[in-house]
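Written out below as C-alpha cells is the structure these notes cover.
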Protein chains: 2
Amino acid sequence: MQHMASPAFKNCSDCPIRHRAVCAKCDSDELALLEDIKYYRSFSAGQPVLWAGDHMDFVASVVSGVASLTQTMEDGRTQMVGLLLPSDFVGRPGRSVATYTVTATSDLMMCCFRRKPFEQMMDTTPHVAQRLLEMTLDELDAAREWMLVLGRKTAREKIASLLSIIARRDAAFSTSNPGKALTFELPLTREAMADYLGLTLETVSRQMSALKRDGVIALSGKRRISVPDMDKLLFEAGDDSDGGFLT
Amino acid sequence: MQHMASPAFKNCSDCPIRHRAVCAKCDSDELALLEDIKYYRSFSAGQPVLWAGDHMDFVASVVSGVASLTQTMEDGRTQMVGLLLPSDFVGRPGRSVATYTVTATSDLMMCCFRRKPFEQMMDTTPHVAQRLLEMTLDELDAAREWMLVLGRKTAREKIASLLSIIARRDAAFSTSNPGKALTFELPLTREAMADYLGLTLETVSRQMSALKRDGVIALSGKRRISVPDMDKLLFEAGDDSDGGFLT
DNA sequence: CGAACAATTGACCGAATTCAATCCGTGTGG
DNA sequence: CCACACGGATTGAATTCGGTCAATTGTTCG
C-alpha cells in the first residue's frame with residue numbers, strides 16, 4: 001500500500017537524484033524553497049500511483065525504482081508511453097488532471113511537490129523552469145525514438161531495442177568493463193514489455209527465447225539478463241553500429 | 001529551390017502565428033529583439049529543409065505550410081515522428097546538430113532565428129523559455145498519443161486517427177458548422193501517410209478505399225476529403241466518443 | 001502525345017496474433 | 001511435508017492482418 005515514507009537520506013543535498021532531477025540547477029537557497037513544499041511517497045511493485053483522469057495536486061520526481069506511464073483504449077488495448085526512471089519527472093505544471101495512468105513497476109519512491117507553490121517557483125526561479133525544459137526536450141527525443149521502434153521495427157528488433165535501452169542505463173550506473181559480459185535485472189514483466197513494444201506477451205516470450213537460442217542474450221532465472229556481446233545486441237536492434245552507446 | 005523570401009505581411013505584429021508560436025508571450029520590446037535576429041526562408045513542396053546530422057545555426061517557427069520530421073534506418077525504413085504545422089517550432093536550443101530530417105510537405109515558409117542570440121534570449125527573457133516549455137509539453141503529449149496509434153491500432157483505425165487529427169486542426173481554423181459535412185485538403189501523399197502511420201502505401205490506399213466504400217469519407221480528386229459524419233470517423237479511429245473534439 | 005509519378009487493385013506470402021495447453025516457481029493450507 | 005492453486009512464462013497450432021511483388025490506372029506536365 002502507498003504510504004508516507006522516509007527515504008534513506010536526510011535532506012536534498014544527499015539525495016541520489018540531486019544533480020539529475022528537476023532540481024539539478026538549483027542553488028542552496030532555491031533548494032531550501034523546494035524542501036518546504038516536498039514530501040515523500042512510496043509504492044510497492046505493481047501498485048497504481050495515479051489513474052488517467054485523476055486529480056493531482058502535486059508534481060513529482062522518481063527518486064528510486066521504476067514506474068510506467070500507460071494509455072488504455074476502451075476495449076482494453078494498452079500502450080506504455082513512458083518508462084520513468086530515477087530523476088524522471090511526473091506531472092505537468094499548469095495541469096491538475098493526470099493524462100496517463102502511472103504504475104509502480106518496481107518498488108518506488110517519489111519526491112512530491114505541492115502543485116501551487118511549485119508553479120509559483122516555476123515563475124520566480126528560472127533554474128527550475130530551465131531544467132524542466134531540458135528534461136522535457138530529452139523526453140520528447142526519447143518518445144520520437146520510440147515511435148520508430150513502434151512503427152517500423154520487427155518483433156525481434158523491438159525486443160533487442162528495449163534490452164539495449166535498459167542495458168545502456170544500467171551500464172551508466174555500474175562500472176563499465178568493456179568486452180566483458182553485461183548483466184542486469186529486467187524490471188518488467190513480459191506483459192509490461194509487450195505493452196511497451198506494441199506486441200502480445202506471447203510474441204515477447206517467443207522472441208526472448210529466440211534471442212537466447214541464438215546466443216545474443218543469456219537468462220538466469222526469468223528476470224536476470226546477461227549480454228555477452230553488446231555490439232551483437234545493438235545489431236539485432238537494427239540501430240546504427242554506434243547507436244550513441246558509450247561512444 | 002529554397003531561397004530567402006518575403007512573407008505577405010510587414011512585421012511581427014501582423015504575423016499570422018504571432019499569438020501561437022514561440023513568441024506568443026512576448027511583449028513589444030521582446031518582439032523587437034526577435035525582429036533583429038530573424039530572417040525568412042521558404043521552400044517549395046517536396047524540398048528537403050534539413051538532413052539528420054546537418055549543422056544548424058538557427059532555430060525556426062513554421063509560418064505557413066506543413067513540414068515533416070522523419071527518422072530513417074540504414075535499410076531505408078522511415079518513420080515520420082512529427083508533423084509541423086504553422087506555429088510549430090523546429091530545432092533545439094543548445095543543440096547545433098539536427099536530430100531528424102525535416103522536409104517541406106507543402107509549400108513552406110519558416111521564420112528563422114539565429115541560434116546564438118536566440119539562446120541568449122532564452123536566458124534573459126523568461127517569456128520565450130516559458131512558451132517553449134508549454135509547446136514542448138504539448139508536443140510530448142502529441143508524441144505519446146501517437147505511440148498508442150502506432151503500437152496498438154489497426155490499419156483502419158490508424159487512417160481514421162490521422163484524418164481526425166487533420167480534420168480537427170482544420171475545424172479550428174474554419175468556421176465550424178456542427179452537423180454539416182467537413183471538408184479539407186489532405187497535405188500528405190499516400191507515402192507520407194504510410195510513413196506517419198507505420199504502414200505501407202498500399203495498405204494506406206486500400207484502407208482509404210475501404211473507408212470511402214463504407215461511407216465514412218468521400219474523396220473529390222485525390223487530396224480533397226470530406227467527412228459527412230465526424231462522430232463516425234472518430235468511432236472508426238477507436239477513440240473515446242468525445243475524443244476531445246470540439247467539446 | 002508520352003514520360004514520370006502518384007494511386008489503385010489483385011494475388012500471394014509471412015510475421016505476429018489468437019486460442020489453447022503446458023510448464024515452472026512460489027506461497028498456502030491441509 | 002506435500003498437494004495444490006496461482007500467476008507468470010513458455011510453447012504449439014491455426015488464423016489473419018498487413019506486407020510484398022506486380023500489373024494497371026490515373027494525373028500532371030514537358
Side-chain angles (χ1 to χ4, degrees), chain A residues 44-47 68 73 75-79 103 105-106 149-163 185-214 217-225 236 238, chain B residues 44-47 73 75-79 103 105-107 149-163 185-214 217-225 236 238:
Chain A
S44 47
Q47 289 292 319
S68 66
M73 297 170 67
D75 62 8
R77 282 176 281 177
T78 87
Q79 175 65 49
T103 311
T105 288
S106 67
V149 174
L150 290 173
R152 292 303 187 190
K153 292 196 178 179
T154 64
R156 170 181 264 244
E157 289 170 333
K158 285 179 173 182
I159 301 283
S161 298
L162 176 57
L163 295 178
E185 200 74 20
L186 190 64
L188 301 171
T189 64
R190 296 288 183 265
E191 187 177 27
M193 293 174 70
D195 285 344
Y196 201 14
L197 297 166
L199 296 172
T200 60
L201 65 97
E202 292 96 328
T203 299
V204 170
S205 190
R206 272 184 254 275
Q207 297 297 336
M208 290 287 286
S209 300
L211 288 174
K212 187 173 65 172
R213 176 164 19 82
D214 299 346
I217 59 174
L219 305 183
S220 8
K222 299 295 163 199
R223 292 293 190 86
R224 189 135 207 93
I225 309 261
E236 293 292 348
Chain B
S44 47
Q47 289 291 319
M73 297 170 68
D75 63 6
R77 282 176 283 176
T78 86
Q79 175 66 48
T103 310
T105 288
S106 67
D107 287 346
V149 174
L150 290 173
R152 291 303 187 191
K153 291 196 177 179
T154 65
R156 172 181 262 244
E157 289 170 335
K158 285 179 172 181
I159 300 284
S161 297
L162 176 56
L163 296 178
E185 199 74 20
L186 190 65
L188 300 172
T189 64
R190 296 289 184 265
E191 188 178 26
M193 294 174 70
D195 285 343
Y196 202 16
L197 297 167
L199 297 172
T200 59
L201 65 98
E202 293 95 329
T203 300
V204 171
S205 192
R206 272 186 255 275
Q207 296 297 336
M208 290 287 287
S209 300
L211 288 174
K212 186 172 68 174
R213 175 160 24 79
D214 298 347
I217 59 173
L219 305 184
S220 9
K222 298 296 162 196
R223 293 294 190 85
R224 190 135 206 93
I225 310 262
E236 293 291 349

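Within every chain, numbering begins at 1; the chains are lettered A, B, ... in the order of the sequence lines, protein sequences first and strands thereafter. From a predicted model like this one, the values you see are computed outputs, not experimental measurements.
Annotation for A:T200 and A:A194: closest pair C-CB, 3.6 Å, computed over non-hydrogen atoms.
Taking the side chain as every heavy atom from C-beta outward, B:M193 and B:L186 approach each other to under 4.5 Å. A:L199 has its side chain out of reach of A:R206: every pair of non-hydrogen atoms, C-beta onward, lies at least 4.5 Å apart. Looking at A:M73 and B:E157, their side chains come closer than 4.5 Å, going by heavy atoms from C-beta outward.
C:dC5 atom P lies 15 Å from atom CG of B:L201, rounded to whole Å. A straight line from CZ of B:R213 to P of C:dT9 spans 9 Å, rounded to a whole angstrom. A:L199 places its CG atom 20 Å from the P atom of D:dT16, with the value rounded to the nearest Å. Here the C1' atom of nucleotide C:dA16 and the CG atom of A:L150 are 15 Å apart, to the nearest Å. The distance from atom CE of B:M193 to atom C1' of D:dG19 is 17 Å, rounded to the nearest whole Å. One can place CD of B:E191 at 14 Å from P of D:dG19, the figure rounded to the nearest angstrom. Note: CZ (A:R156) to P (C:dG14) measures 18 Å, nearest angstrom. Atom P of nucleotide C:dA11 and atom CD of B:E202 are separated by 15 Å, given to the nearest angstrom.
Counting distance only, with no hydrogens placed and no angle test, the side-chain atoms of A:R206 and the base atoms of C:dT18 include a donor-acceptor pair under 3.5 Å.
Among the heavy atoms of the strands lying under 4.0 Å from A:S209 are primed sugar atoms or P, OP1, OP2 only; no base atom is included. The residue B:G46 sits apart from the nucleic acid: no heavy atom pair falls under 4.0 Å. Across all strands, A:S205 comes closer than 4.0 Å to base atoms (heavy-atom distances).
Close to C:dA16, at under 4.0 Å from its OP1 or OP2, lies no side-chain N or O of A:T203.
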